[in-house]
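Working notes for the structure below.
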Amino acid sequence: MASKIAAVAITRNGISLALKLGGLLADTEVYCYAKYSGELEEIPGERRIFGGPVKELLPGLFRRYEAVVLFFSLGAAVRLMAPLLEDKRHDPAVIVIDESGEHVISVLSGHLGGANRLTLHIARLLESRPVITTASDVQGIFAADLLGREFGWQAESFAPMKGVSAALVNGEPVAVLQEAGEPGWLPAGAVLPEHVRLCGNTAELQQQPYRAAVVITDRLLDEAEAAALRELPAAVYRPRSLVLGLGCNRGTAAAELEAVVMETLAELQLSPLSVRGAATITIKGDEAGLLELCRKFGWELSLFSPEQLNTVPLMQPSAVVFKATGAYGVCEPAALLASDGGELLLAKKKSGNVTIAVARVAFGGREETKNE
């Protein structure tokens, strides 16, 4: 597996500590300044030697690695990084460690880049003191721009995040409305502040004088709801809560499958960003168009045998489908099985060469007890 972390050191002590970290932290490549690297050959660990200025090395590291750990002063790190910064969604995590290893400082991309999480991990490995200054982490509240990240939730837009985060850390009233997705989204160690109120529906959200909102839903908001949320900084998250049951004639093109899927989701007023995956019968596991569709959107394809599909009771079992596949139905039972026995939002619909059903995942079990 390719290395994800670059550790850069330019002094004797820094190189020694960087090599130690390289031995403790998986997927780490250690870059050592040539002048002092030869003096430390007795210290085990693979190293990459560089002889030029760090200023010339860093641009390449920023492009290639998910995180960069710098073993020199914070001031020097800031000056070197400044010309390279783009935005929090593209910049790597940057961590600075003093050459004695006393402090591990999260400097850049603390949330989205994972610098805060990595800082805590490195501090434990080196028995150092972590330094994190992000307000939400310091206060022990959840970060608006990381919500549901471990579950694969997607923010519809990052534009409102700054306003939502400001309201959270400044104690202003914030509404949270969740209509779908995993209930255990509050990170371990975080608390729901008193100024954050859980709402049951959009009407309740609109009735209160909130300064910001977080909406977790797989549903497309209607114009009135969208207009109300535009009055606030409102982060809309799309949980991966929908499963598509799909069937198709042999050789159906990916473009036709995609058109039916998108048309159906639009009719149901559901967001494509909330699709977790597709499900079908095992004999369709090599269907080129279906595989191409799943690759394009990063959807998991779940396959079920006729025997598994036949365990799901159907309102209208099909003798024709049974004769062709050995199952009395494909898209409906496949969607229900892949959604862990969830709610069927759309029974079988046929469009051209494609049949489709849509189910909402039944969340529970581990997700519900995640933060207990």
Side-chain angles (χ1 to χ4, degrees), residues 150-152 180-184 218 238-265 267-268 270-370:
E150 67 270 37
F151 304 124
E182 292 85 349
D218 53 24
R238 300 302 186 182
R240 301 182 69 209
S241 54
L242 303 175
V243 174
L244 309 174
L246 291 173
C248 61
N249 293 329
R250 181 61 69 179
T252 302
E256 182 178 353
L257 282 158
E258 181 180 345
V260 172
V261 166
M262 294 306 167
E263 175 189 273
T264 301
L265 292 174
E267 289 172 353
L268 296 173
L270 295 171
S271 172
L273 294 178
S274 282
V275 174
R276 168 181 288 192
T280 191
I281 193 167
T282 48
I283 59 174
K284 290 296 180 181
D286 63 348
E287 191 68 52
L290 187 55
L291 293 173
E292 182 182 338
L293 176 70
C294 290
R295 278 195 301 269
K296 178 177 179 178
F297 292 99
W299 296 340
E300 177 184 352
L301 179 60
S302 299
L303 301 175
F304 298 99
S305 68
E307 293 75 19
Q308 289 173 305
L309 296 173
N310 287 337
T311 63
V312 180
L314 298 176
M315 293 293 292
Q316 295 181 317
S318 171
V320 174
V321 174
F322 180 80
K323 184 177 180 180
T325 67
Y328 286 102
V330 173
C331 57
E332 283 183 38
L336 287 169
L337 288 171
S339 64
D340 299 321
E343 175 189 5
L344 191 64
L345 303 180
L346 174 71
K348 181 177 72 173
K349 163 192 164 183
K350 182 168 177 58
S351 178
N353 292 301
V354 181
T355 56
I356 183 171
V358 182
R360 180 175 285 130
V361 176
F363 292 105
R366 278 184 317 217
E367 285 86 3
E368 288 183 342
T369 59
K370 175 176 176 286

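For the numbers below, each heavy atom of this structure counts, side chains included, while hydrogens, waters and symmetry mates do not.
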Report yes or no: does [X] contribute a side-chain atom to a donor-acceptor pair with the main-chain N or O of [Y] at less than 3.5 Å?
X    : Y    : value
K350 : G352 : yes
S339 : A335 : yes
E332 : A357 : no
K284 : C248 : yes
N310 : G326 : yes
R276 : S241 : no

For the student: nearest non-hydrogen atoms of [X] and [Y], plus distance:
X    : Y    : result
L268 : L345 : CD2-O, 4.3 Å
C331 : G247 : CB-N, 4.3 Å
V243 : V361 : CG2-CG2, 3.9 Å

Sort out for me which residue in T264, L265, L346, T280 forms a side chain to side chain contact (heavy atoms under 4.5 Å, CB included) with L244.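 Option passing the side chain to side chain contact (heavy atoms under 4.5 Å, CB included) with L244: L265.
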Looking at L314, L344, I281, which one forms a side chain to side chain contact (heavy atoms under 4.5 Å, CB included) with P333?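 Only one option passes, and that is L314.
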Less than 4.5 Å apart, side chain to side chain, heavy atoms only: is that true for [X] and [Y]?
X    : Y    : value
M262 : L257 : no
V330 : T355 : no
P239 : F151 : no

K349 and E267: salt bridge (Lys or Arg N to Asp or Glu O under 4.0 Å), yes or no, with the steps? CA-CA 12 Å; K349 163 192 164 183; E267 289 172 353; 3.0 Å; yes
Working to the nearest 0.5 angstrom, can you tell me the gap between [X] [atom1] and [Y] [atom2]?
X    : Y    : atom1 : atom2 : result
E263 : S351 : CD    : OG    : 5.5 Å
E343 : L242 : CD    : CG    : 10.5 Å
E258 : F297 : CD    : CZ    : 4.0 Å
S274 : R360 : OG    : CZ    : 9.0 Å
D218 : R238 : CG    : CZ    : 7.5 Å
L246 : L293 : CG    : CG    : 7.0 Å

Just list the side-chain donor-acceptor pairs under 3.5 Å for residues 298-305, sequence neighbours left out, or say none.
from	atom 1	to	atom 2	distance (Å)
S305	OG	E307	OE1	3.4
S305	OG	Q308	N	3.2
S305	OG	Q308	OE1	3.3

Under the rule for salt bridge (charged side-chain N to carboxylate O under 4.0 Å, His left out), what residues qualify as partners of K348, not counting sequence neighbours?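 Salt bridge (charged side-chain N to carboxylate O under 4.0 Å, His left out) list for K348, sorted by chain: empty.
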